[in-house]
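Data block below; observations after.
We count ligands from 1, going down the list as the structure has it; atoms in each ligand are counted the same way. For clarity, every value in this text was computed on a predicted model and none was experimentally measured. Numbers for residues simply follow the sequence, beginning at 1.
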Amino acid sequence: MTAPGRARELFSAVELAGAVRRLGAAVSAAYPDGVVLAAVLAGSVWFAADLVRCVNVPCRIDFLAISPYTPGTGRVAIVKDLDHDIDGADVVLVEDIVDTGLTVSYLLGELGRRGPRRLDVCTLLDRRTRRIVPVEPAFVGFEVPEDFVVGYGLDYAGRYRNLDHLFTADLAALGEDPLCHAAQLYGTP
Ligand code: IMP
């Protein structure tokens, strides 16, 4: 699959792999007794699948999904919950990108009420400039600028998740992509 029109490479597959190794080592050092990785579907699946293979302490991976986020409303809800109880567990919430912080802050609230012993955030990308709610991920791959990012799990209208590297592309260019329109019309990535 090709990158979207007028796209600029942000991080190569090699750079991503290096960041994931660094994050895996940092998570392992912070949680020597083991950790539960709670990955947010679907965008963080690619990152989480690579991250878990770089964690060298006892580790479990679990998934949750939230309803599509409506910009401006700040409203999200859990539509697929974790399969396992996290009471007393050491948990790292795994995200693809923390942008306004609304999603992570909501999830930290929900998961925090379940009594984990420790709860941190590991995000591949952090766009601090757009923060609305203060969220400080413990583990960050890269800080990124305002431009929209696709690839390695991050999508536009369900597309581009399968690119093995990260691109920035302006939304107008992505919107002109006829396959994006097809995805929006038919709901298939
Ligand atoms: P937040 O709630 O504003 O922090 O947004 C987090 C979610 O928005 C991420 O998990 C992504 O699903 C989505 N998102 C934010 N920025 C981008 C981007 O540049 N590309 C793709 N998805 C994004």
* To do: Applying salt bridge (Lys or Arg N to Asp or Glu O under 4.0 Å), run through E136 and R128 and close with a yes or a no.
  => CA-CA 9 Å; E136 282 297 337; R128 304 178 67 86; 2.8 Å; yes

* Could you walk me through whether V79 and I66 pass the side-chain contact (heavy atoms from CB on, under 4.5 Å) check? -> CA-CA 5 Å; V79 294; I66 51 173; 5.6 Å; no

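By the 4.0 Å N-to-carboxylate-O rule, R114 lies too far from D87 to be salt-bridged with it. Using a 4.0 Å cut-off between charged nitrogen and carboxylate oxygen, R131 and D99 do not count as a salt-bridge pair. Ion pairing between a basic and an acidic side chain is recognised when a charged N comes within 4.0 Å of a carboxylate O; D83 and K80 show such pairing.
Below 4.0 Å from some heavy atom of E95 lie the following atoms of ligand 1, by number and element: 10 (O). Near V149, the atoms of ligand 1 lying under 4.0 angstrom from a non-hydrogen atom of the residue are 18 (C), 19 (O), 20 (N), 21 (C).
Residue contacts with ligand 1 for R130 are absent, since no atom lies close enough (heavy atoms, distance under 4.0 Å).
Polar contact with ligand 1: present for R127 (N/O pair, distance under 3.5 Å). Not one N or O of D155 is nearer than 3.5 Å to an N or O of ligand 1, by distance alone.
At a 4.0 Å cut-off, not a single heavy atom of V135 sits close enough to ligand 1 to count as contact. Judged by the shortest distance from any of its heavy atoms, I97 lies inside the 4.0 Å radius around the atoms of ligand 1. At least one heavy atom of G101 sits under 4.0 Å from some atom of ligand 1.
By the 6.0 Å and 45° rule, R118 stacks over the aromatic ring of Y31.
Rounded to the nearest 0.5 angstrom, D147 CG and F167 CZ are separated by 14.0 Å.
When the heavy-atom distances from atom 12 (O) of ligand 1 to D96, T103, V133 are ranked, the shortest goes to D96.
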